[in-house]
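This report refers to the structure that appears directly beneath it.
We count residues from 1, following the sequence as given. When a ligand or atom number is given, it counts from 1 through the structure's own listing order.
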Amino acid sequence: MRQILQNKLFAIASGLILFSTAAIGILLGRSVLERSSVLEDSLVQSNNRLVSQTLERIEAQILETDRGLYALLPESGPQDAIAKLTGPDFTLPPLIRGYYLCESTGRLLYPLANQSAAAGLFRQKVFPEIRLERIAPMGVYHLHTRINQENYLFSMLKFITGPEGKEFLLVQEFDLDNLDPFFDPFLTELRKTSYVCIRDYDNNVIHGVPFQVSRKYFVEERFPNTFYKWLFQLAPRNAAAIEQEAFNRRLLNLFLGLFILLLILSAWGLVYLSRREETKLTRQKEEFIRNVSHELRTPLSLIKMFSEILLMGRGRNEQTRQEYLSIIFAETERMGFLINNVLDFSNLEKGLQRFCFEEVALGGLVRQQLEVFDYRLKKEKVVLSLEEEKSLPLVRGDRNALAMILLNLLDNAIKYGAESERRVIIRLFAKEGKVCLQVQDNGIGIPVADQMRIFEKFYRSDSMAVRKIRGSGIGLSLVKYLVEAHGGTIRLESETGRGSTFGVCLPALPAPAV
Ligand code: ADP
């Protein structure tokens with residue numbers, strides 16, 4: 001039940017992770033693709049802002065000059081204004097070429113139309129262009145015009161004065177002959193990063209160095225209030241560098257994004273693998289419990305059956321009774337072996353395995369253990385031979401642990417033995433400072449692919465032949481652990497269908513001095 005719930009939760013979590021990874025991937029891709037146009041737009045936008053701010057600052061300077069018009073406003077009649085303009089203290093403010101005062105009909109009061117060429121020009125060409133009705137009383141209005149190939153800028157103030165309350169126009173003409181010193185202070189900073197140019201509608205350059213309008217991120221804007229017939233143009237000098245930088249940033253973002261995606265996917269992969277391992281281990285543990293219970297049940301039922309026969313006094317004669325008793329003894333030994341195996345394995349898992357090391361003669365120990373196996377060997381019709389070298393050196397080991405090694409190897413040799421003519425050879429010999437124990441059978445053998453894995457806990461070969469035979473999958477992992485705990489090595493030689501030879505070598509103790 002818990003397992004099913006865990007599986008469901010894992011499936012949901014995996015779905016969510018994969019879905020969000022895909023969503024991030026799509027967003028990343030889109031942002032990378034869209035970024036170039038976003039970049040161009042934002043560059044153009046920031047240039048537009050820059051141009052607007054510059055125009056505002058330039059115009060603010062001109063509007064500041066316009067305030068001079070209000071200072072000239074008459075108190076009682078137009079003569080007051082003329083008196084101020086012609087007074088000895090009056091000087092022209094910077095950028096101003098001259099002043100005009102006229103009636104709303106266009107009749108010039110100052111300077112008189114016939115007094116100067118400029119006055120005549122104003123009367124004949126400029127005044128007709130002024131939309132008087134559009135100017136609010138006491139409001140300032142600008143006229144930017146071109147007369148005879150010349151540029152003119154006027155600012156004018158409409159006011160009402162005199163006993164009859166007539167409308168008058170006070171106009172100031174800007175000196176546009178030398179505009180460079182006027183524009184320069186506003187544009188010096190800008191020129192460091194951008195090409196800047198002011199042109200009139202006929203594309204004549206008014207100020208700055210002309211550049212191609214096809215340049216990237218080019219923007220232009222008309223002066224909103226004053227020089228409204230002129231265009232202010234701007235393009236960044238280092239468009240390529242800006243693009244390169246943006247490209248690098250985009251590339252970096254892309255790599256970072258991909259790296260994060262990779263991290264998420266790898267994390268998910270690790271979770272998936274560990275989950276798979278966990279599920280496999282749980283399955284193996286369940287199978288282990290099933291197998292162990294089954295293996296215990298078999299000797300238990302034999303013990304029960306033969307002890308019942310004996311209790312009911314149905315043993316035919318003393319020899320039969322002895323035989324039944326030896327069966328009970330052998331099955332008890334077998335059960336003990338299984339239980340010891342499981343307990344040792346569980347101690348090993350918990351790190352609680354303890355050894356009691358002493359000097360051991362392996363030959364004696366093997367012969368002692370074989371006696372216990374006698375009944376089983378006969379029952380399973382196994383021909384066992386022991387080939388023992390004389391005067392073997394002693395080894396340092398735990399007697400129980402060494403017995404477990406032999407019993408597990410022998411148990412496997414019988415279990416996975418040949419169908420008929422089963423033979424098991426046990427060899428004991430000394431080699432290169434080691435004492436070796438070999439258990440050879442002529443059984444089913446072990447496929448090469450399984451030869452490394454059979455020493456893993458719970459691992460069992462997946463062949464039909466092995467599946468038919470009950471086992472818990474802990475024997476060899478226990479053997480390997482015990483051998484290594486004794487400073488020894490274990491080797492396997494096997495061929496499918498021809499049998500297996502397990503060889504355990506333990507360090508030999510030096511022979512005692514005579
Ligand atoms: P068990 O025998 O309880 O399954 P083991 O750890 O003792 O567990 O063995 C692991 C696996 O190694 C067995 O399932 C079997 O596939 C294989 N194996 C071990 N010994 C032999 C052998 N002598 N002949 C063939 N296969 C063997």
Item to check | Contacting atoms of ligand 1, where contact means under 4.0 angstrom from a heavy atom of G475 | outcome: 5 (P), 6 (O), 7 (O)
Item to check | Side chains of S52 and E221, donor plus acceptor under 3.5 Å | outcome: yes
Next on the checklist: Quick check: F373 with F337 (ring centres under 6.0 Å apart)?
Outcome noted: no
Next on the checklist: Would you say the rings of F288 and F458 are close, in the sense that their centroids are separated by under 6.0 Å?
Outcome noted: yes
Item to check | Contacting atoms of ligand 1, where contact means under 4.0 angstrom from a heavy atom of G445 | outcome: 25 (C)
Next on the checklist: Salt bridge check, E484 against K480: does any charged N sit closer than 4.0 Å to a carboxylate O?
Outcome noted: yes
Checklist entry - Atoms of ligand 1 less than 4.0 Å from V466 heavy atoms? => result 14 (O), 16 (O)
Next on the checklist: Can you list everything that forms a ring-ring contact (aromatic ring centres under 6.0 Å, His included) with F232? Sequence neighbours excluded, please.
Outcome noted: none
Checklist entry - Who's the nearest protein heavy-atom neighbour of atom 10 (C) of ligand 1, and how far? => result Y459 O, 3.4 Å
Checklist entry - Hey, is ligand 1 close enough to G473 that some N/O pair sits below 3.5 Å? => result yes
Checklist entry - Are any of the N/O atoms in S461 less than 3.5 Å from those in ligand 1? => result yes
Next on the checklist: Can you see whether N204 engages D200 through a side-chain donor-acceptor pair at a distance of less than 3.5 angstrom?
Outcome noted: yes
Checklist entry - Which residue holds the protein heavy atom closest to atom 17 (C) of ligand 1, what is that atom called, and what is the gap in Å? => result I454 CG2, 3.9 Å
Checklist outcome for this item: Minimal heavy-atom distance between L406 and Q369, with the atoms involved, is CD2-CB, 3.7 Å
Checklist entry - Listed by chain and number, what are the side-chain contact (heavy atoms from CB on, under 4.5 Å) partners of E331, not counting sequence neighbours? => result P299, L302, I303, I327, R334, Y375, K379
Next on the checklist: Please work out, at 4.0 Å between heavy atoms, whether the side chain, the backbone, both, or neither of D441 comes within that distance of ligand 1.
Outcome noted: side chain
Checklist entry - Based purely on interatomic distance, does I446 place a nitrogen or oxygen under 3.5 Å from a nitrogen or oxygen of ligand 1? => result no
Next on the checklist: With heavy-atom distances below 4.0 Å as the criterion, list the atoms of ligand 1 near K415.
Outcome noted: 1 (P), 2 (O), 3 (O)
Checklist entry - Can you tell me which residue and heavy atom of the protein come closest to atom 7 (O) of ligand 1, and the distance to 0.1 Å? => result N412 ND2, 2.8 Å
Checklist entry - Of all the non-hydrogen atoms in the protein, which one sits nearest to atom 3 (O) of ligand 1, and at what distance? => result S472 N, 2.7 Å
Item to check | Geometric N/O contact F502 with ligand 1, under 3.5 angstrom | outcome: no
Next on the checklist: Taking the ring centre of each residue, are H486 and F355 less than 6.0 Å apart?
Outcome noted: yes
Checklist entry - What atoms of ligand 1 come within less than 4.0 Å of a heavy atom belonging to R460? => result 1 (P), 4 (O), 14 (O)
Checklist outcome for this item: protein heavy-atom neighbour closest to atom 6 (O) of ligand 1 works out as L476 N, 2.8 Å
Next on the checklist: Starting from atom 21 (C) of ligand 1, what is the nearest protein heavy atom, named by residue and atom, and what distance separates them?
Outcome noted: Y416 CD1, 3.4 Å
Next on the checklist: Between F455 and Y459, is the ring centroid distance below 6.0 Å?
Outcome noted: no
